[in-house]
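As the structure is a computational prediction, the values presented were derived from the model and not from experiment. Heavy-atom basis, side chains included; hydrogens, waters and symmetry copies ignored.
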Amino acid sequence: MFVEFRGEVEDALATALSDLDLPTEDLGVEEPPEDVDAVLASSAAYRLAGEVGAPPPEVAADVADAIDTDGYEYLARAEARGPYVNFHPGEAYFADTLSSAGDDWGHLPDRGESVVVEHTSANPTGPVHVGRARNPIVGDALARILDYAGCDVEVHYYVNDAGRQVAIFTWAFESFDESDLDEDPARDRADYDLVRYYRKGNEFLEEGDPAAVEEAEDEIQAIMQGLGAGDEATYERTSAVVDPMLSGMGASLERLPAEFDEFVKETRFMFDGSTDDVVERLQDLEEAVYEDDAWQLDLSDRGIDKNLVFLRSDGTSLYPTRDLAHHEWKFANFDRAVTVLGEDHKLQADQLRTTLALLGNDTDQLRQVIHSYVNLPEGKMSTRAGTAVNLDDLLDEAVDRAREEVENRLGDRIREDDLDDEDVERIAHQVGIGAVRYDIVAKQPTKAITFEWERALDFEAQSAPYVQYAHARACGIVDRADADPADLTAGDVDAALLSTPEERDLLRTIARFPAVIKEAAEDLQPHVVATYTRTFADRFNAFYRECPVLSEDVDPDLRAARLALVAAARNTVANALNALGVEAPESM
RNA sequence: GGGCGUGUGGCCUAGUGGAUAGGGCGAGAGGUUCCUAACCUCUCGACCGCGGGUUCGAAUCCCGCCACGCCCGCCA
């Protein structure tokens with residue numbers, strides 16, 4: 001409704017300005033502060049004051065007078081208040097919001113546009129740790145939000161299965177035995193088992209006997225050459241470590257949950273010849289230079305001082321070369337591509353985008369979302385050094401603490417409901433994992449996060465449980481009303497009965513939800529949705545406090561209207577949480 | 001050294017040209033015979049890193065400086 005209302009406001013304002021012979025390019029339509037009782041406002045009078053030769057409040061009054069609200073569905077009233085023109089919707093706005101906010105509220109019309117979202121794409125060398133966890137959390141939320149926004153979304157994990165680390169990993173796995181390793185796996189799963197070989201291999205390369213290291217380097221080199229030459233047997237060897245590692249990592253990611261439609265391996269673009277094709281086309285570019293026996297791209301004219309090496313002196317390709325082929329494949333198969341990357345890949349992202357353009361691609365199709373890392377108070381997390389907090393450990397701890405919390409609260413519940421052990425376990429998972437996810441997705445991705453257990457697992461604060469609780473309260477009311485769900489949003493209720501400030505504010509907030517999805521999808525900013533859920537919970541709690549629904553002294557018509565409002569609220573917050581990938585408990 | 005990013009009460013955070021900078025944590029005081037108190041109300045607390053500038057108007061734009069992070073591999 002908000003989106004439609006905004007359109008009407010812009011139309012009415014533009015018409016009024018042109019009737020007054022004033023310029024219409026700067027309408028200045030914005031959302032007023034909380035304490036102003038209007039849905040939208042315009043600050044255009046400030047800029048027009050000079051042109052008109054009158055003070056802004058006078059201009060605002062004239063503009064407000066010139067606005068004709070006839071013929072608009074939702075726009076009912078425009079009034080000047082100081083230098084602003086405030087816009088108010090009529091009853092239809094509230095009535096339509098109430099009747100529209102069904103199960104699919106927040107889903108925008110199909111855009112007929114396919115989008116591939118690539119996220120995580122962590123090297124298959126060890127268990128997923130918290131430092132990396134921002135990528136799947138942001139990426140999964142983005143994919144969900146784009147889906148809500150009407151895109152046809154496919155989610156990919158790009159597997160770096162041809163790089164040097166994989167060659168090291170493969171060599172290490174083949175060279176060492178269980179008896180060479182000095183620790184047991186932290187968990188009984190392939191990623192925890194295999195990472196020990198990777199660590200052992202790196203340790204050996206750093207500290208081993210020089211002659212033996214040289215021998216190992218020859219083997220690592222042979223593996224990379226084999227992959228570059230498209231050798232099936234070499235691919236089998238690397239797959240023997242990569243595939244189980246990936247399935248183990250996938251098990252961690254599923255807990256978030258972050259799921260993928262496809263794991264796209266970079267070897268695919270070596271074996272199908274597209275990397276060779278890219279190399280040839282790069283060599284033909286005028287930016288191509290051959291220096292130190294390696295083929296490079298001089299991108300200094302494009303504002304990138306660092307040369308991009310695309311073919312090593314030994315003739316093998318590099319990660320960026322294969323990624324170029326990968327992205328051309330994406331462009332050929334999807335309308336748009338979104339990639340979620342850690343900030344350490346910023347330069348590479350710029351080089352990729354620039355080079356794709358040089359190769360004749362339309363890079364407007366590509367959006368790269370960059371995020372900072374989650375670090376420990378003492379510094380970076382590293383798989384190789386073994387300093388990382390594993391995602392599984394964080395999630396386990398979160399669920400344990402949530403379970404403890406649920407059990408503590410069982411004692412002093414007023415409500416006599418019957419939460420059995422299964423409910424406790426369900427709530428512990430929903431709340432614990434939701435809190436971790438929400439804590440990360442709610443922050444602007446560009447801001448660095450320092451990981452601290454207490455803060456990450458605070459269930460009060462401005463957390464997932466706060467929002468989830470509002471949802472559970474709404475479910476409790478609907479549940480207790482024992483009404484036919486079909487009646488709840490039926491057109492029979494009279495939205496005009498919802499006249500208290502709390503009811504109006506809640507309706508206004510519900511009305512904004514599709515606009516929030518639209519904004520988050522356009523700007524690729526999931527935290528916008530998280531911010532919205534907090535505002536929503538504030539509004540819902542105010543309503544909950546002031547407006548009884550099921551009390552016996554509530555008039556039946558009002559009760560029906562409030563029940564419909566609660567149902568609309570429940571649908572809104574359920575979908576908002578869903579768009580963030582956070583579960584919405586029906587009781588807690 | 002260069003490039004990019006970040007800097008908002010003691011701590012975390014929203015807000016990227018317009019209405020007295022909005023929340024949370026923390027500290028203090030209250031609230032439940034009434035649909036879930038993981039809630040709500042009130043109080044305390046901010047020269048929006050520092051200094052200039054542009055503008056009728058700056059947390060927001062521009063310049064300089066400071067602090068922190070990331071990058072500057074024939075690794076990914």
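Rounded to whole angstrom, the span from the CG atom of L347(A) across to the P atom of G2(B) amounts to 17 Å. Rounded to an integer number of Å, the gap from CD of E546(A) to C1' of G31(B) is 12 Å. For E30(A) and G15(B), the CD to P distance is 16 Å, given to the nearest whole Å. Rounded to whole angstrom, the span from the OH atom of Y198(A) across to the P atom of C75(B) amounts to 13 Å.
Between C72(B) and Q351(A), no contact under 4.0 Å exists linking OP1 or OP2 to a side-chain N or O. Here H345(A) does not reach the OP1 or OP2 of G5(B): none of its side-chain N or O atoms lies under 4.0 Å away. OP1 and OP2 of A14(B) both lie 4.0 Å or more from every side-chain N or O belonging to K443(A).
As judged by a 4.0 angstrom heavy-atom cut-off over every strand, V549(A) is placed among the base-contacting residues. Across all strands, G82(A) comes closer than 4.0 Å to no nucleic acid atom at all (heavy-atom distances). Across all strands, R562(A) comes closer than 4.0 Å to no nucleic acid atom at all (heavy-atom distances). Counting any heavy atom pair closer than 4.0 Å across all strands shown, I168(A) reaches no nucleic acid atom. Note on C547(A): a base of the nucleic acid sits closer than 4.0 angstrom, heavy atoms only. Using a 4.0 Å heavy-atom cutoff across all strands shown, A49(A) reaches no nucleic acid atom at all. Base contact: V431(A) has a heavy atom under 4.0 Å from a base atom. Residue contacts for Q468(A): at a heavy-atom cut-off of 4.0 Å it reaches no nucleic acid atom on any strand shown. Within the 4.0 angstrom heavy-atom criterion, base atoms lie near Y544(A).
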Atom pairs under 3.5 Å: protein N/O with N/O of nucleotides 56-60 of chain B:
none

Report task. Take E502(A) and R539(A) through the salt bridge (Lys or Arg N to Asp or Glu O under 4.0 Å) test and state the conclusion after the steps. Result -> CA-CA 7 Å; E502(A) 290 78 15; R539(A) 297 288 183 279; over 6 Å; no

Query raised in the report: Step by step, would you call R353(A) with D350(A) a salt bridge (Lys or Arg N to Asp or Glu O under 4.0 Å)?
Result: CA-CA 5 Å; R353(A) 168 177 289 277; D350(A) 289 343; 6.0 Å; no

Requested in this report: Check the pair D423(A) / R426(A) against salt bridge (Lys or Arg N to Asp or Glu O under 4.0 Å), numbers first and verdict last.
Outcome: CA-CA 5 Å; D423(A) 288 319; R426(A) 167 185 60 82; 3.5 Å; yes

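Of all the residues in residues 528-543 of chain A, T531(A), N541(A) reach under 4.0 Å from RNA chain B with at least one non-hydrogen atom. Using a 4.0 Å cut-off on heavy atoms, the residues of residues 296-307 of chain A that approach RNA chain B are K306(A), listed by number.
Aromatic ring orientation, Y532(A) versus F536(A): tilted (interplanar angle from 30° to 60°).
Cation-pi contact between R322(A) and F269(A): absent, since separation from the ring centre below 6.0 Å together with deviation from the ring axis within 45° is not met.
Under the side chain to side chain donor-acceptor pair (under 3.5 Å) test applied with E405(A), the options R403(A), R401(A), R409(A) reduce to a single match, R409(A).
Scanning atom types as modelled, one donor and one acceptor separated by under 3.5 angstrom connect the side chain of Q462(A) and the base of G23(B). In this model, a side-chain donor or acceptor of N86(A) finds a partner on the base of A19(B) within 3.5 Å.
You'll find the ring centres of H326(A) and Y158(A) inside the 6.0 Å limit.
Residues T321(A) and V279(A) form a side-chain contact, since some pair of their non-hydrogen atoms from C-beta on lies under 4.5 Å apart.
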